[in-house]
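These notes concern the structure reproduced below.
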Amino acid sequence: MFDFIRTHQRLMQFLLLLFIFPSFAFFGLEGYTRFREGDNAIAKVAGKAITQQEFEMAQREQMERFRQTFGPQFDPKMLDTPEARQNILDGLIAQRVIAAEAADKKLAVSDQALQQTILATPGLTGADGKFDLERYKSLLAAQGMTPAMYEARLRQDLALQQISAAVQGSAFAPNTTAARLSDLNDQEREVQELLFKTSDYASQVKVTDDMLKAYYEKNGSQFEVPEQVKAEYLVLNSDAVASQISVSEADIKSYYDQNAQRYTEEEQRRASHILIKTGEGVDKAAAKQKAEQLLAQVRKTPGDFARLAKENSQDPGSAERGGDLDFFGKGMMVKPFEDAVFQLKKGEISNVVESDFGFHIIQLTEVKPAQAKSFDQVKGEIAAEIKKQLAQKKYAEMAEQFSDLVYEQADSLKPAADKLNLKIQTAEGLSRAPKADPAQNAPVNHPKFLAALFSDEAIKNKRNTEAVEVAPNTLIAGRVVDYKPVTRRPLDEVKDIVRERVTQEEALALARKAGEARLADVRSSGEVKGFSEPKTVSRVKTPTIEAQALSAVMKADASKLPAFVGVELGGRGYGVYRINKVSQPAQPDAARRQNEQQQIAGALAQQEVEAYLDALKKKHKVEILKPFTASAEAQTEQK
């Protein structure tokens, strides 16, 4: 991405905001009308409150998304700032004003658009490439939703997206602007390099004991051994609860009998159709007349249906297959097409049916009656479902006991372990920061648990930590068995390391001094003695010089050539660069330039959305009641 875009910090924060917040369906058009006022409102949109509880829920969800994205590198403190909290609130406000605008405009989504969105969802097709209705229902059931609930929410979500998509679609990148930025990105510079390597000056450094001692005292934290604890801990999670639950055959059979409808595969029908499209620029009367003529033909010779569909149907997806639409159930096709199909008998041909797409002639080719799965087929599935439901209920009960026991009998984890049939586990070498190894992503490595384990109460008094929720349906409590405070390794033990670092620092200082002196000299004389052979560098080619050097060379003022620039190369030394020529590549990469233009258009589109949101905030009267950018004291007073 261009430096131009990278420098637009506010825009990039807004982009991040759009991608990390939940779908607009989190609120929905219906939900928008239900927000209740409360004493704990932190903002209002069109008179409707955004409450502290709603904010905290959004904050938790964002934190969980960050944790999943960054893994062990995630630091919860990055979201614990006034600016981060304000960004979350801004996101909630953005969602709310768009929901209000969608409600005002009474936006709607057609059945066909809804159907196409569902069919395009990854993971919902079987091995044969067909839509798997049972898998669809199963996945929704796992989330506590029915198809009707999900489809209503999705319909609302799609309606809301129409607004942002319309605004984003209006932005474009002028060709001259895109070309100018691409020219800057493609620009090539011929340079010669003169390096002053740190390693070449190491032999000139004379290290004294005083220098070693001074470095050691100044950089003592480099030689510290972090504090560590050995801890016992208990974990209560769904697996631990489920392991204590057994389900009888009688319970499974009873559940099967009471929920027989769930294990019945609905009737499926297979049909073929001939479509004559209508719409903008199409003579509807002529289209209907053509459909009527084709209907007369297929009624006269039903065996020619497939041939006539191939020759006349304007549905590209099915025409080549003779109009065949394969099997589908209720709710999978647009009405009134679906109604017509389910009124036909096998082999029958419908009258002309009009839908949003045009005029259809439909032939029902096959019927697959509803079928119930046998008890033996679903016994394992039902057992798992019952166990899951019982575990959820039992977990709530056990979680309360767990929290009470580790708190009330804080000198030991054994009472909680015995009462709840849990195993006490041990972990050594724990530190305040989670381990970076992804394999260590266990409850004991969670930042919230480690914070509790390193509290004064846990370390000094060796008392149990509180029960800490580290994931959905997962609690952990621990107790410090042994604590080792931060220690600094003695100088004698690390003297060789200190000597090496002092030598490196002093050698770098000598290299820098020599390089800066030579830079001043060549700027006045223009001399090229000692410089490397010329090489061509650019932002888009694989670097042939150090990254710091490339950045400095490409940013240097090249209005007068030759130009010179000096740059420190990390700990490796100092480089002086002579810029001889500035040019454009003979054959620019057209594909990359097209991509860059799209990136610019995307950035401009987000600016348009931001401006549109600002207008919506004024229209729907946004009030910030408790800004998070205020001081902590001020927020306390507001509460």
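Counting begins at 1 with the first residue of the sequence.
- In this structure, the side chain of Arg269 engages the main chain of Val341 through a donor-acceptor pair within 3.5 Å.
- A 4.5 Å side-chain heavy-atom check between Tyr255 and Val378 finds every atom pair outside the cut-off.
- The side chain to side chain contact (heavy atoms under 4.5 Å, CB included) test with Val45 singles out one residue from Lys617, Arg96, Lys621, and that residue is Arg96.
- Counting heavy atoms from C-beta on, the side chains of Val282 and Ile276 never come closer than 4.5 Å.
- Put simply, the side chain of Ile88 reaches to within 4.5 Å of the side chain of Gln62, judged on heavy atoms.
- The aromatic rings of His273 and His360 sit parallel to each other, their planes meeting at less than 30°, with 60° as the upper class boundary.
- Annotation: side chain of Leu613 is in contact with side chain of Ile98 (closest heavy-atom distance under 4.5 Å).
- In this structure Glu385 satisfies the side chain to side chain donor-acceptor pair (under 3.5 Å) test together with Gln389, sequence neighbours excluded.
- No more than 12 heavy atoms of other residues, nucleotides or ligands sit less than 6.0 Å from atom CZ of Arg180.
- Panel note: side chain Glu338, backbone Lys330; no donor-acceptor pair is recorded below 3.5 Å.
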Would you sort out whether Asp324 and Ser272 count as a side chain to side chain contact (heavy atoms under 4.5 Å, CB included), showing the intermediate values? CA-CA 4 Å; Asp324 182 32; Ser272 297; 4.0 Å; yes
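- Of the possible donor and acceptor atoms, none in the side chain of Lys288 sits under 3.5 Å from a partner among the backbone N and O of Phe359.
- To the nearest 0.5 Å, atoms CG (Leu344) and CG (Asp339) are separated by 11.0 Å.
- Panel note: side chain Ser350, backbone Ile362; a donor-acceptor pair is recorded below 3.5 Å.
- Expressed to the nearest 0.5 Å, how far CZ of Phe357 lies from CG of Leu275 amounts to 8.5 Å.
- The shortest non-hydrogen separation linking Ile50 to Leu92 is CG2-CD1, 4.0 Å.
- A salt bridge does not link Arg321 to Asp326: none of the charged nitrogens lies less than 4.0 Å from a carboxylate oxygen.
- Residue-environment remark: CD (Gln392) exceeds the threshold of 12 foreign heavy atoms within 6.0 Å.
- Atom NZ of Lys387 sits in a crowded spot, with more than 12 heavy atoms from other residues, nucleotides or ligands closer than 6.0 Å.
- Side-chain atoms of Thr465 do not come within 3.5 Å of backbone N or O of Ala477 as any donor-acceptor pair.
- Contact record, Leu89 with Phe55: N-CE1, 4.0 Å, taken as the closest heavy-atom pair.
- Met554 has its side chain out of reach of Leu184: every pair of non-hydrogen atoms, C-beta onward, lies at least 4.5 Å apart.
- Between Gln115 atom CD and Lys335 atom NZ the span is 11.5 Å, to the nearest 0.5 Å.
- Checked by atom type and distance alone, the side chain of Ser455 pairs as donor or acceptor with a backbone atom of Ala452 at under 3.5 Å.
- Residue Arg593 holds its CZ atom at 8.5 Å from CG of Asn185, rounded to the nearest 0.5 Å.
- Looking at residues two or more places apart in sequence or on another chain, you find no salt bridge (Lys or Arg N to Asp or Glu O under 4.0 Å) involving Glu623.
- Rounded to the nearest 0.5 Å, atoms CD (Glu151) and CG (Leu114) are 5.5 Å apart.
- Inspection of the Asp90 and Gln86 side chains reveals an N or O donor paired with an N or O acceptor under 3.5 Å.
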Stepwise, does the side chain to side chain contact (heavy atoms under 4.5 Å, CB included) test hold for Leu133 with Glu266? CA-CA 9 Å; Leu133 184 61; Glu266 296 179 353; 4.3 Å; yes
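- Of all heavy-atom pairs spanning Arg85 and Gln59, the tightest one is CG-NE2, 3.8 Å.
- For the residue pair Val468 and Phe449, the shortest heavy atom distance occurs at CG1-N, 4.0 Å.
- Residues Thr121 and Thr117 come closest through the heavy atom pair OG1-O, 3.1 Å.
- Ion pairing of Lys373 with Glu381 is absent here, as no side-chain N (NZ or NE/NH1/NH2) approaches a carboxylate O to less than 4.0 Å.
- Residues Val334 and Ser355 come closest through the heavy atom pair CG1-CB, 4.4 Å.
- Remark: Arg270 CZ to Lys368 NZ distance equals 9.0 Å, nearest 0.5 Å.
- In this structure, Asn473 and Asn237 have side chains that are not in contact, with every pair of non-hydrogen atoms separated by 4.5 Å or more.
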Any chance you could lay out the side chain to side chain contact (heavy atoms under 4.5 Å, CB included) test for Leu325 and Asp315, step after step, and finish with the verdict? CA-CA 10 Å; Leu325 295 169; Asp315 176 9; 4.2 Å; yes
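- Heavy atoms from other residues, nucleotides or ligands lying under 6.0 Å from NZ of Lys619 number more than 12.
- Between Asp186 and Arg592 the shortest side-chain heavy-atom distance falls below 4.5 Å.
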When you look at Thr278 and Glu354, which way does the side chain to side chain contact (heavy atoms under 4.5 Å, CB included) test go after all the steps? CA-CA 9 Å; Thr278 57; Glu354 183 180 2; 5.5 Å; no
